Q: 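I'd like to ask you about the structure that follows.
Below, chains carry the letters A, B, ... as their sequence lines are ordered, and counting in each starts from 1. All of these numbers come straight from a predicted model, not from anything done at the bench.
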Amino acid sequence: MQVLENLKIKEKVYTEKLKNGLTVMIIPKKGIGKKYIIWGTHYGSNDNKFIVPGEEQVTEVPKGVAHFLEHKMFEQENGKNSLDVLSALGVEANAYTTNNHTAYLYECTDKFYEALDEFMDYVQHPYFTDENVEKEKGIIEQEIMMYNDYPDWRVYLNTLEAMYYNNPVKLDITGTAETISHINKEILYKCYKTFYNPANMCMVICGDFEPEEILKEVQKRLVDVKPFISIKRIYEEEPENIVKSMVEDKMEVSIPLFAIGIKCAPEKENEKVRTHIAINILLNMLLGKSSTLYQELYQEGILLSTPASDYEFADDYAHIIITGESRNPELLYEKFKQKINEMKNDNIDKEDFERIKKMIYGESVKEYNDVSFIAKMFLSDFMKGINSFDYLEEIESVDIQFAKQILKDKFKEEKMVFSVIKNS
Amino acid sequence: MKYNKEEIKKGITLHQIDTDKFKTNLIAIFLSTSLNRENVTKNSVLTSVLRRGCKKFDTQEKISKELEEMYGAEFDCGISKIGKNHVLKFYIESINDEFLPQNDNNMLKKSIEILSDIIFNPLVENEGFNKEYVNQEKENIKQIIEAKKDNRASYASFRCIEEMYKDSPIGLYKYGYVEDLKDIDEKNLYQYYKKLVDECKIDIFVSGKLENIDIKRMMNENEGIKDLKSRDAIYVVNKSEKKQEMEKERVVEESLDVNQGKLVIGYDVINDEEMLKNEDVRYIGMLYNGIVGGSANSKLFQNVREKASLAYTTSSSYSYYTSNIFVNAGIDIDNYQKAVDIIKQQIKDMQDGKYTDEDIENVRKIIISNINSIDDEQDTEIIYFLGQELSGRNISLEKYIEKINSVTRNQIQDFASKIKVNTIYFLRN
C-alpha cells in the first residue's frame with residue numbers, strides 16, 4: 001500500500017489499487033468510535049451518452065438514470081431491501097448521486113463487518129424487475145417535487161441553465177417526471193454493467209482501523225470481475241460563452257434570492273487545487289465577512305448574512321457560484337462587479353490576502369474533525385483527480401501573483417450570469 | 001473523553017470536556033432563561049446586537065479580521081428553545097495549537113477571551129447599545145421572522161406546534177414577533193441585557209485537549225467572567241408536560257404556493273401522574289418513536305413510502321418535554337386522505353402490538369450506535385450535556401446506554417396505548 005502522510009495535521013492516507021482496478025483509500029483515526037465507509041463510482045447525472053467498452057455504437061439513456069439506479073440498488077433478489085437489513089444492524093446507511101459520481105455509504109460504531117457483508121453484497125449484485133422499477137417512479141416524483149419547493153435550489157438551477165448550452169450539469173440530477181418515465185430495467189442493467197466496474201470505482205474507509213486488516217476484509221468480499229480499460233463518455237461540445245446574462249423567476253418568498261454564476265473553462269490537470277484555493281481567497285476578499293463590500297451592504301440592509309460561494313468543477317465543466325438572499329440583489333450585483341474591476345486595477349492588498357490565507361488554512365484543518373466528512377471529501381476529490389491532502393500542501397504556494405492571474409482569467413464580466421427569484 | 005462540571009459561582013457552571021479526538025477547541029457559552037412572550041423578541045434581537053461589536057472590537061469588521069487572523073476561528077451565535085427555556089447560544093471554534101504552523105499561538109485562551117468580550121463586554125454608549133446596530137438588527141430579525149415560510153417543511157412543523165400550543169411558551173416562535181419589535185430601542189434593550197446577565201443561568205463549555213490546562217483559573221482571571229454575580233438563576237427545570245385527551249382531533253389546512261403538500265400530525269402522549277413522575281419515560285418514548293418513524297425499517301418508511309409510494313420523506317420525532325410525537329410526510333396534495341389513513345393505521349398497529357421483538361432490538365441498536373457517536377462530534381456532545389443540565393439531570397453516556405437497554409416490550413406497549421391525535425396540519429396549494 002502506498003502511504004501518504006501529512007505532517008501538518010498528523011494524518012495518513014493508505015492507498016491501494018487492487019488487481020480488479022478498484023482503488024481503496026484508508027484514513028485511520030485512532031480512538032474514534034464512529035466508523036465510516038463510502039463506495040463510489042465515477043458515474044453521475046452528467047453521464048448520459050457513452051460507448052460501452054467492447055461496443056461500437058453510442059448509447060444514450062434518459063436523464064436521471066444514475067440517480068434512479070442509486071435508488072434501486074438496495075433491492076435484493078431474496079425480496080429484501082438492503083437499506084432495511086443495514087438499519088436492522090443498527091448502522092446508518094445512505095446513498096447519493098452528484099453530477100459526476102454516485103456513492104453508497106454507511107456509518108456505525110458496532111457491527112462494522114456484518115454490515116460490510118451486506119454493503120458489499122448489494123453494491124455488487126443489482127436486482128431489477130419491471131415491478132420494482134415502476135414502483136420507484138412514484139417515490140422519485142415526490143423527491144423531484146420536494147426539490148421544486150426549495151427556492152434556493154431553483155435559483156441555483158436557473159443560474160446553471162443560463163450558463164450552459166449543452167452540458168448536462170444544468171439539469172436536475174433526478175431527471176424529470178417525463179424522463180424517468182422512460183427508464184426500464186434493461187437500461188438500468190446496461191448502465192450498471194458499464195459504470196459499476198471496479199476499475200471505475202473508489203472506496204474510502206475512515207475510522208479506527210488497521211489498514212492491512214481492513215483491506216483484506218474488503219478483498220475477501222469482492223466479486224471477481226474483469227477490469228474495463230476505459231469507458232468513452234460523450235459530452236457535447238460546450239461553447240465558452242454563456243446562454244444569457246440574466247434570469248428572473250417568481251416564487252412565494254419573503255426576500256429575493258440571488259445567484260451569481262461565472263462560467264470558467266474546465267481546469268488543467270495540475271492546477272486544479274491551486275486554482276480552487278486562489279478562487280476561495282479572492283471570493284473572501286471580495287464579499288467575505290471582513291470585506292468592505294460586505295460590511296457596506298450589511299449596514300445598508302442589502303445583505304443580512306454572508307452569501308455562500310464556491311468554485312464547482314469536474315472534468316467537463318467549471319464555474320464559480322455565489323448564492324444568498326438580498327433586499328436589493330441588482331445593486332449588490334453591480335457593486336460586486338465594480339469591486340472586481342477595482343481589484344483588477346489596483347493591487348491586491350497584501351495584509352488582507354495573508355490573513356484570508358491563514359483562515360483558509362484553518363478551514364482545511366477543520367475538515368479533519370469528523371470521519372464522515374473526511375471520507376466524503378477524499379472520495380469527491382478523487383473523482384476530480386485530486387488527493388485531498390493537496391489542499392493543505394499547496395496553500396503555501398498560492399501567492400498574490402498567482403491570485404492576480406486567476407482574478408484576471410476567471411472573473412470575467414462577459415461570463416457572468418445573474419439569477420434572481422422574487423416574490424410572486 | 002472526560003467530562004466534569006463545577007459551579008464556579010451560584011448559577012454559573014463550568015463544564016469541561018477533555019478529548020483528544022479533534023483538531024479544534026470548541027467553547028460555548030449559553031445564557032438560559034424562562035421563555036415567554038415578553039422576552040422572546042428581546043432575546044432574539046439582543047443575540048444579534050451583541051455579535052455586532054464589543055468594547056474591544058467595536059465593529060463586525062474588526063471582530064471578523066481578528067478571527068481570520070486566528071486561522072479562521074469561527075464565531076457563531078443563535079437561539080434555541082429547549083423545553084420552556086430560551087437559550088442564547090454563543091460559540092467559538094478554533095484550531096488546536098498543535099496543528100498550526102507556529103506553536104505559540106495560545107489559541108484556547110485567545111478564543112475564550114474574544115467570546116467573553118462579545119457577550120460580557122459589549123459596546124455601550126450613553127447607557128445604551130449602539131443605536132444604529134440595534135435598528136439594523138431589528139430589521140434583520142424582522143426579515144428572519146418573515147422568512148419562516150421560505151422552508152415549507154420546517155414551516156409546516158412549526159405551524160402544527162403553534163396550533164397545539166396557543167397559550168404556552170412552547171408555541172412561541174423562537175425569533176419572536178414583528179409587532180413586538182417597535183417597543184425595543186437601544187436603551188431599554190441594554191437595561192434588559194444587564195438584568196438578563198445578572199439573572200439568567202449561565203453554562204460555559206470548553207471542549208478540546210485540556211490536559212494540564214487550568215481552565216478554571218482562566219475563567220477566574222477572565223475580565224468578563226470574573227465580575228459576574230452569583231444568582232438564583234431564573235429558568236425552568238425542564239420536566240415533561242401533562243396531557244389530557246382532546247375531545248376531538250383538530251384539522252388545520254393552510255394554503256401556500258407549494259408543489260408538494262406537507263402533512264404534519266401532532267400526537268399527544270396522554271400521561272398519568274405515575275408516568276409524569278418517571279423521567280425514564282423518555283427512553284421508552286425514544287424506542288417507540290424509532291419503531292414508528294425513526295429509520296428505513298420504520299413503519300412509516302415501509303408503509304407510506306415503500307409500499308404505497310406516497311412520499312419520498314416521511315418520519316416521526318418524539319419530544320419528551322412536550323409529550324408529543326410528530327409525524328411528517330411530503331405528499332401529493334391529492335393523496336391527503338390516503339396518507340392520513342395509512343399513518344393512523346401505523347399508530348393503531350402499534351397499539352395493537354403489531355411489531356416484533358426484532359423491531360425493538362433493531363431500533364435499540366440504532367439508538368445505542370447514536371449514543372456511542374455523541375462524543376465523536378464536539379457540538380453534539382455539548383448540546384447533550386446542556387440538555388441534561390437544563391433538566392436537572394446528570395446521566396453519563398454509559399448510563400444513557402444502560403437506560404436504553406433496560407426498556408421492555410411491556411413498557412413500549414403501555415406507551416403505545418397513550419398516543420392520541422391532537423392536530424392534523426396540512427400545508428397545500
Q: In this structure, are over 12 heavy atoms from other groups packed under 6.0 Å from A/Glu396 atom CD?
A: no

Q: What part of B/Leu67 is in contact with chain A, defined as an atom under 4.5 angstrom from a non-hydrogen atom: side chain, backbone, both or neither?
A: neither

Q: With a 4.5 angstrom heavy-atom cut-off, could you sort out which part of B/Ser373 is near chain A: side chain, backbone, both or neither?
A: both

Q: Checking A/Lys111 against chain B: side chain, backbone, both or neither under 4.5 Å from a heavy atom?
A: side chain

Q: Measure distances from B/Ala147 to the heavy atoms of chain A and classify the residue's part below 4.5 Å as side chain, backbone, both or neither.
A: both

Q: Do B/Gln60 and A/Tyr298 come within less than 4.5 Å of each other through their side chains, counting heavy atoms only?
A: yes

Q: Going through the checks in order, is the side chain to side chain donor-acceptor pair (under 3.5 Å) test met by A/Asn369 and B/Thr24?
A: CA-CA 8 Å; A/Asn369 258 352; B/Thr24 45; 2.7 Å; yes

Q: Side chain from CB out, backbone as N, CA, C, O: work out which of these in A/Tyr368 comes under 4.5 Å of a heavy atom of chain B, or both, or neither.
A: both

Q: Chain B heavy atoms under 4.5 Å from A/Ile139: which part of the residue, side chain, backbone, both or neither?
A: both

Q: What is the distance from atom CD1 of A/Ile255 to atom NZ of B/Lys142, rounded to the nearest 0.5 Å?
A: 10.5 Å

Q: Contact part of A/Asp152 toward chain B, heavy-atom cut-off under 4.5 Å: side chain, backbone, both or neither?
A: neither

Q: How many angstroms lie between atom NZ of A/Lys137 and atom OG of B/Ser309, to the nearest 0.5 angstrom?
A: 12.0 Å

Q: So how far is it from B/Glu98 CD to A/Ile9 CD1, rounded to the nearest 0.5 Å?
A: 11.5 Å

Q: With a 3.5 Å distance limit and no angle check, can you tell me whether B/Asn372 reaches the backbone of A/Thr109 through a side-chain donor-acceptor pair?
A: no

Q: Between A/Met146, A/Lys8, A/Met251, which residue shows the highest count of heavy-atom pairs closer than 4.5 Å to chain B?
A: A/Met146

Q: Below 4.5 Å from any heavy atom of chain B, which atoms of A/Glu354 appear? Answer side chain, backbone, both or neither.
A: neither

Q: Less than 3.5 Å apart, any donor N or O on the side chain of B/Gln302 or A/Asp84 sitting next to an acceptor on the other?
A: yes

Q: Top residue by heavy-atom pair count (under 4.5 Å) with chain A, among B/Ile367, B/Asp20, B/Ile331?
A: B/Ile331

Q: If I measure from the heavy atoms of chain B, does A/Glu11 come under 4.5 Å with its side chain, its backbone, both, or neither?
A: side chain

Q: Given heavy-atom pairs under 4.5 angstrom as the criterion, report whether the side chain, backbone, both or neither of B/Glu66 touches chain A.
A: neither

Q: Non-hydrogen atoms of chain A under 4.5 Å away: do they reach the side chain of B/Lys148, the backbone, both or neither?
A: neither

Q: Most heavy-atom pairs under 4.5 angstrom with chain B, which of A/Leu83, A/Asp110, A/Leu7, A/Ile32?
A: A/Ile32

Q: Are more than 12 heavy atoms from other residues, nucleotides or ligands located less than 6.0 Å from atom NZ of A/Lys250?
A: yes

Q: Do A/Gln142 and B/Tyr312 pair up side chain to side chain, a donor and an acceptor below 3.5 Å, judged on atom types alone?
A: no

Q: With a 4.0 Å cut-off, would you call A/Glu351 and B/Lys65 a salt bridge?
A: no

Q: Is the shortest side-chain N to carboxylate O distance from A/Lys289 to B/Glu68 below 4.0 Å?
A: no

Q: At what distance, to the nearest 0.5 angstrom, does CD1 of B/Ile144 lie from OG of A/Ser254?
A: 10.0 Å

Q: Looking at every heavy atom in both A/Tyr361 and B/Tyr71, which two are closest together, and how far apart are they?
A: CD2-CD2, 3.8 Å

Q: Quick check on B/Asn370 against chain A: is it the side chain, the backbone, both or neither that has a heavy atom closer than 4.5 Å?
A: side chain

Q: Side chain, backbone, both or neither: which part of A/Lys135 has an atom under 4.5 Å from a heavy atom of chain B?
A: both

Q: Could you tell me which of B/Ile63, B/Asp376, B/Ile95 has the largest number of non-hydrogen atom pairs under 4.5 Å with chain A?
A: B/Asp376

Q: Sort out for me which of B/Ala73, B/Ala311, B/Ala153 touches chain A most, counting heavy-atom pairs under 4.5 Å.
A: B/Ala311

Q: So which residue, A/Arg355, A/Met359, A/Met145, ends up with the most heavy-atom pairs under 4.5 Å with chain B?
A: A/Arg355

Q: Is it true that, when you exclude A/Lys10 itself, more than 12 heavy atoms of the residues, nucleotides or ligands shown sit nearer than 6.0 Å to its NZ?
A: yes

Q: What part of B/Arg152 gets within 4.5 angstrom of chain A, counting heavy atoms only: side chain, backbone, both, or neither?
A: side chain

Q: Checking the side chain of A/Asp149 only, and the main-chain atoms of B/Gln260 only, is there a donor and an acceptor separated by less than 3.5 Å?
A: yes

Q: Considering only NZ, NE, NH1 and NH2 on the basic side and carboxylate oxygens on the acidic side, decide whether B/Glu74 and A/Lys366 come within less than 4.0 Å.
A: yes

Q: Flag the one option from B/Glu93, B/Glu361, B/Glu132 with the top tally of heavy-atom pairs under 4.5 Å to chain A.
A: B/Glu93

Q: Just by distance, do the side chain of B/Asp257 and the backbone of A/Glu252 share a donor-acceptor pair under 3.5 Å?
A: yes

Q: Between B/Lys149, B/Glu139, B/Gln143, B/Gln136, which has the largest tally of heavy atom pairs under 4.5 Å with chain A?
A: B/Gln143

Q: Supply the atom-to-atom distance A/Gln295 CD to B/Thr59 OG1, rounded to the nearest 0.5 angstrom.
A: 6.5 Å

Q: Output the option from A/Lys357, A/Arg327, A/Glu363 having the highest count of non-hydrogen pairs under 4.5 Å with chain B.
A: A/Arg327

Q: Flag yes if more than 12 heavy atoms outside A/Lys358 fall under 6.0 Å of its NZ atom; otherwise flag no.
A: yes

Q: Rounded to the nearest 0.5 Å, what separates atom CG in B/Asn140 from atom CG in A/Leu303?
A: 10.0 Å

Q: Check A/Val253 against B/Asp150 and note the closest heavy-atom contact, atom names and distance.
A: CA-OD1, 3.7 Å

Q: With the side chain counted from C-beta on, respond yes when A/Gln299 and B/Arg52 share a heavy-atom pair under 4.5 Å apart, and no when they do not.
A: yes

Q: Between B/Asn362 and A/Ser87, does any side-chain donor sit less than 3.5 Å from a side-chain acceptor?
A: no

Q: Can you say whether A/Lys30 sits under 4.5 Å from chain B via the side chain, the backbone, both, or neither, judging by heavy atoms?
A: neither

Q: Relative to chain B, which segment of A/Asn284 carries a heavy atom at a distance below 4.5 Å: side chain, backbone, both, or neither?
A: neither

Q: Output the option from B/Lys21, B/Met1, B/Glu146 having the highest count of non-hydrogen pairs under 4.5 Å with chain A.
A: B/Lys21

Q: Check this for me: B/Tyr336, atom OH, are more than 12 non-hydrogen atoms of other residues, nucleotides or ligands nearer than 6.0 Å?
A: yes

Q: Which one, A/Gly138, A/Gly362, A/Ser424, A/Ser290, leads in non-hydrogen pairs under 4.5 Å with chain B?
A: A/Ser290

Q: Is it true that the side chains of B/Asn151 and A/Tyr150 contain a donor and an acceptor less than 3.5 Å apart?
A: no

